[in-house]
Amino acid sequence: MITIKSEEEIKLMRQAGYLVSLTHQYLKPYIKPGITTKELDRLAEEFIIEHDGVPTCKGYEGFPATLCISVNDEVVHGIPGKRKLKDGDIVTIDMVIGYHGYQGDAAWTYAVGSISPEKKYLMEHTERALYEGIKEVKPGNRIGDISHAVESYANRYHLGVVKELIGHGIGTKMHEDPDVPNYGKKGTGPKLKPGMVICIEPMLNLGDSAVGILDDDWTIVTEDGSPSAHYEHTVLVTDDGYEILTPRI
Ligand code: MF3
Ligand code: CO
């Protein structure tokens with residue numbers, strides 16, 4: 001069931017989304033060679049709790065941390081640990097925060113030190129693919145319009161579209177209806193209506209689209225070892241378009 005949020009609920013979702021934005025902003029200066037992914041996770045958890053938020057991922061289906069931190073060929077759901085970031089890495093930080101019962105969810109890929117032109121290309125075009133999808137968000141359009149826009153942009157830039165993981169509706173729970181795949185046909189799927197809130201989240205690979213899972217049963221990696229990027233926003237359908245609830249600040 002796709003829920004339509006009331007004005008009151010939208011206010012809370014805007015606050016949840018803003019706390020996600022603030023947490024990303026807070027972490028950014030720490031994303032430097034030498035820091036461990038576990039240290040980033042601890043910083044985020046403390047910041048979220050100080051701001052009256054709940055780290056929703058921690059304990060979700062047994063996930064052990066606040067952040068999903070995925071480095072280089074890791075696509076999503078990387079578990080923070082002793083690994084130190086190094087110059088030339090790209091790292092995706094994905095977080096879900098609860099605030100007064102409502103959830104916000106956003107992921108960004110960051111460069112660690114100076115990165116290769118190939119990684120820059122991947123990051124730039126994955127972020128653009130997200131905005132191509134967001135541009136389709138308006139009442140009357142369908143989920144398939146978003147999916148198609150993301151996929152066709154990725155194809156134009158020869159990036160592999162990960163199919164096994166998809167975007168989703170969001171509200172009091174981090175995963176609600178509808179599914180928001182990063183591939184599909186225009187004019188198909190559920191119709192967008194004002195008050196719906198969805199997460200659009202392309203995961204694109206510099207190489208092939210195939211992925212596998214590590215022995216930790218969480219970390220998704222590219223099969224060919226190529227780097228992967230992931231950008232995600234929580235987006236509200238408004239009367240005449242969209243509002244990004246997790247703005248980059
Ligand atoms: N942010 C992820 C998503 O978009 C969810 C994290 S998975 C978890 O679906 F298990 F770590 F919570
Ligand atoms: Co999400």
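Just so it is clear, the model here is predicted, and its values are computed rather than measured. One-based numbering, in listed order, for ligands and for the atoms of each.
- To the nearest 10 degrees, the Co ion (ligand 2) sees OE2 of E232 and OD2 of D105 at an angle of 90°.
- Here the side chain of E223 pairs no donor or acceptor atom with the backbone of G212 at under 3.5 angstrom.
- When you scan the N, O or S atoms of H168 for the one nearest the Co ion (ligand 2), you land on NE2.
- Every atom of ligand 1 with a heavy atom of F63 under 4.0 Å away is listed here by number and element: 10 (F), 11 (F).
- Within the 3.5 Å criterion, the main-chain N or O of T246 finds no donor-acceptor partner in the side chain of T234.
- In the vicinity of D105, heavy-atom distances shorter than 4.0 Å reach the ligand 1 atoms 1 (N), 3 (C), 4 (O).
- Side-chain atoms of D87 come within 3.5 Å of backbone N or O of S114 as a donor-acceptor pair.
- Of the candidates A107, C68, G78, it is C68 that places a heavy atom closest to atom 11 (F) of ligand 1.
- One side chain, D52 or H100, offers a donor N or O that lies under 3.5 Å from an acceptor on the other.
- Set against the non-hydrogen atoms of C57, the atoms of ligand 1 under 4.0 Å away are 6 (C), 8 (C), 11 (F), 12 (F).
- Across D94, T56, I170, heavy-atom proximity to atom 1 (N) of ligand 1 is greatest for D94.
- A distance-only check finds a donor-acceptor pair linking the side chain of E74 to the backbone of V71 [under 3.5 Å].
- A distance-only check finds a donor-acceptor pair linking the side chain of S70 to the backbone of G78 [under 3.5 Å].
- Of the heavy atoms in L165, none comes closer than 4.0 Å to ligand 1.
- Checking H175, E61, K58 against atom 9 (O) of ligand 1, the nearest heavy atom belongs to H175.
- Side-chain atoms of S226 come within 3.5 Å of backbone N or O of G207 as a donor-acceptor pair.
- Note on E201: its N/O/S atom closest to the Co ion (ligand 2) is OE2.
- At a threshold of 2.8 Å, the Co ion (ligand 2) has no backbone or side-chain N, O or S atom of H175 nearer than that distance.
- Of all the atoms in ligand 1, the ones that sit under 4.0 Å from a non-hydrogen atom of H77 are 7 (S).
- Using a 4.0 Å cut-off to heavy atoms of E201, the atoms of ligand 1 that qualify are 3 (C), 4 (O), 9 (O).
- Those atoms of ligand 1 that come under 4.0 Å of a heavy atom in V96, given as number and element, are 1 (N).
- For ligand 1 and W218, the ligand atoms under 4.0 Å from any heavy atom of the residue are 10 (F).
- Using bins of under 30°, 30° to 60° and over 60° for the plane-to-plane angle, the ring pair F47/Y26 lands in the parallel bin.
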